[in-house]
Chemist: 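Pasting in a structure now, in structure tokens, and then I'll have a few things to ask.
These values consider heavy atoms only, across backbone and side chains, with no hydrogens, waters or symmetry-generated copies. What you are looking at is a predicted structure, and each value in this text was computed from that prediction instead of being measured. Starting from 1, each residue takes its place in the sequence as its number.
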Amino acid sequence: QVQLVESGGGLVQAGGSLRLSCVASGRTLSSIAMGWFRQAPGKEREFVAAITRTGITTYYADSVKGRFTISRDNAKNTVYLQMNSLNPEATAVYYCAARIIGFIGTTPNDYNYWGQGTQVTVSS
């Protein structure tokens with residue numbers, strides 16, 4: 001079992017930045033590939049970013065490439081999502097997810113465990 005707890009969401013103006021954190025417990029983070037997803041009201045959950053166990057390889061959705069950065073600190077069992085140049089379209093609940101087996105995943109079905117989510121609201 002892996003427990004994930006996100007934090008760092010909030011209200012920010014367009015053009016601003018936020019950094020989300022996801023703390024994992026129940027398993028050593030270095031053995032888990034991690035991802036961030038988001039879900040806006042009335043929409044399906046969509047992939048945002050993912051990172052391999054070592055942190056060497058990352059992958060991003062085209063919509064956030066160049067503005068968001070995923071990183072991890074395995075010593076702190078924490079994964080981060082730095083979000084810059086935010087726009088109102090980024091408003092959603094953001095979830096971190098753990099993938100126990102395999103490389104990077106880009107669909108929700110690739111992941112085994114999920115956090116409870118943190119709300120990000122970007123005002124125009």
Side-chain angles (χ1 to χ4, degrees):
Q1 287 282 347
V2 177
Q3 293 78 41
L4 303 171
V5 179
E6 303 98 332
S7 63
L11 174 64
V12 64
Q13 287 188 330
S17 299
L18 282 175
R19 187 177 81 156
L20 306 183
S21 299
C22 173
V23 178
S25 60
R27 189 170 179 139
T28 302
L29 189 65
S30 60
S31 67
I32 307 170
M34 298 293 294
W36 284 96
F37 288 75
R38 66 187 179 187
Q39 188 166 18
K43 295 188 176 181
E44 293 186 352
R45 192 166 299 189
E46 66 171 358
F47 171 75
V48 175
I51 189 167
T52 54
R53 290 164 177 76
T54 61
I56 293 175
T57 302
T58 57
Y59 192 75
Y60 298 92
D62 288 343
S63 59
V64 306
K65 203 171 293 184
R67 299 185 298 116
F68 289 15
T69 302
I70 187 171
S71 62
R72 64 193 296 157
D73 185 339
N74 287 341
K76 296 182 178 180
N77 265 18
T78 302
V79 177
Y80 304 98
L81 185 68
Q82 177 67 44
M83 305 185 295
N84 298 329
S85 301
L86 285 162
N87 54 46
E89 290 70 36
T91 295
V93 177
Y94 283 70
Y95 299 90
C96 72
R99 177 176 166 91
I100 303 302
I101 298 175
F103 196 58
I104 288 179
T106 60
T107 71
N109 287 340
D110 292 329
Y111 290 83
N112 308 102
Y113 299 97
W114 294 83
Q116 82 289 349
T118 185
Q119 176 70 48
V120 171
T121 303
V122 184
S123 63
S124 57

Chemist: Does atom NZ (K43) have a neighbourhood of more than 12 heavy atoms from anything else shown, all under 6.0 Å?
Modeler: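 No - once you tally the heavy atoms of other residues, nucleotides and ligands closer than 6.0 Å, there are 12 at most.
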Chemist: Going by heavy atoms in the side chains, are M83 and V12 under 4.5 Å from each other?
Modeler: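 No; the side chains remain at least 4.5 Å from each other.
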Chemist: Taking the side chain as everything from C-beta on, heavy atoms only, tell me whether C96 gets closer than 4.5 Å to L4.
Modeler: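 The answer is yes; the side chains approach within 4.5 Å.
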Chemist: State the CD1-CG distance between I32 and N74, to the nearest 0.5 angstrom.
Modeler: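 One finds 9.0 Å between CD1 of I32 and CG of N74.
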Chemist: To the closest 0.5 Å, what do you measure between OG1 (T121) and CD (Q13)?
Modeler: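 The OG1 atom of T121 sits 13.0 Å away from the CD atom of Q13.
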Chemist: Any non-hydrogen side-chain atom of P108 less than 4.5 Å from a side-chain atom of Q39?
Modeler: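 They are not in contact (no side-chain heavy atoms under 4.5 Å apart), so the answer is no.
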Chemist: Which value, rounded to the nearest 0.5 Å, describes the distance between N109 atom CG and R45 atom CZ?
Modeler: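 Taking CG in N109 and CZ in R45, the distance rounds to 11.0 Å.
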Chemist: Look at the side chain of D62 and the backbone N and O of K65, then say whether any donor-acceptor pair between them is shorter than 3.5 Å.
Modeler: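 Here the side-chain-to-backbone pair does not exist.
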Chemist: Hey, what do you get for CG (N112) to CD (Q1), rounding to the nearest 0.5 Å?
Modeler: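 Answer rounded to 0.5 Å: 10.5 Å.
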Chemist: With hydrophobic residues grouped by side-chain heavy-atom distances under 4.5 Å, do V48 and Y80 end up in a single group?
Modeler: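 No, V48 and Y80 fall in different hydrophobic clusters.
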Chemist: When you group the ILVMFWY residues by side-chain heavy-atom contacts below 4.5 Å and let the links chain together, are I101 and V2 in the same group?
Modeler: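 Per the 4.5 Å side-chain linkage, V2 and I101 are co-clustered.
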Chemist: Whether the side chain of N77 engages the backbone of A24 through a donor-acceptor N/O pair (distance < 3.5 Å, no angle test) should be reported.
Modeler: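 A pair under 3.5 Å: yes.
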Chemist: Which heavy atom of L18 sits nearest to which heavy atom of G8, and what is that distance?
Modeler: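 Smallest interatomic distance, heavy atoms only, reads CD2-O, 3.8 Å.
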Chemist: Identify, with sequence neighbours excluded, every residue that meets ring pair (Phe, Tyr, Trp, His ring centres under 6.0 Å) alongside Y95.
Modeler: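 Not a single residue meets the ring pair (Phe, Tyr, Trp, His ring centres under 6.0 Å) criterion with Y95.
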Chemist: Would S21 and K76 count as a side chain to side chain contact (heavy atoms under 4.5 Å, CB included) if you check the C-alpha gap in whole Å, the side-chain angles of each, and the deciding distance to 0.1 Å?
Modeler: CA-CA 11 Å; S21 299; K76 296 182 178 180; over 6 Å; no
Chemist: Show every ring pair (Phe, Tyr, Trp, His ring centres under 6.0 Å) that has at least one partner inside residues 96-124, sequence neighbours left out.
Modeler: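 Pairs touching residues 96-124 that pass the test: F37-Y111, F37-W114.
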Chemist: Counting distance only, does the side-chain N/O of R72 pair as donor-acceptor with the main-chain N or O of T52 below 3.5 Å?
Modeler: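 Between the backbone of T52 and the side chain of R72 there is a qualifying donor-acceptor contact (under 3.5 Å).
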Chemist: For the pair T91 (side chain) and V122 (backbone), establish whether a donor and an acceptor sit closer than 3.5 Å, ignoring hydrogens and angles.
Modeler: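 Here the side-chain-to-backbone pair exists.
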Chemist: Between S30 and R53, does a side chain to side chain contact (heavy atoms under 4.5 Å, CB included) hold up when you go through it step by step?
Modeler: CA-CA 5 Å; S30 60; R53 290 164 177 76; 5.8 Å; no
Chemist: Find the distance between CD (E89) and OG (S124) and round it off to the nearest 0.5 Å.
Modeler: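 OG of S124 is found 9.0 Å from CD of E89.
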Chemist: Decide yes or no on side chain to side chain contact (heavy atoms under 4.5 Å, CB included) for I100 and R27, but give the supporting numbers first.
Modeler: CA-CA 10 Å; I100 303 302; R27 189 170 179 139; 3.5 Å; yes
Chemist: Looking at every non-hydrogen atom in both residues, tell me the closest pair between S17 and S85 and how far apart they are.
Modeler: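 Closest pair (atom of S17, atom of S85, distance): OG-N, 4.3 Å.
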Chemist: What distance do I104 atom CD1 and T58 atom OG1 have between them, rounded to the nearest 0.5 Å?
Modeler: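 These two atoms lie 6.5 Å from each other.
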Chemist: With a 4.5 Å cut-off on side-chain heavy-atom distances among I, L, V, M, F, W and Y, is there a chain of contacts connecting F47 to L86?
Modeler: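 Different hydrophobic clusters.
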Chemist: For side chain to side chain contact (heavy atoms under 4.5 Å, CB included), just list the numbers for Y60 and R67, CA-CA rounded to whole Å, side-chain angles, deciding distance to a tenth of an Å, and then say yes or no.
Modeler: CA-CA 10 Å; Y60 298 92; R67 299 185 298 116; over 6 Å; no
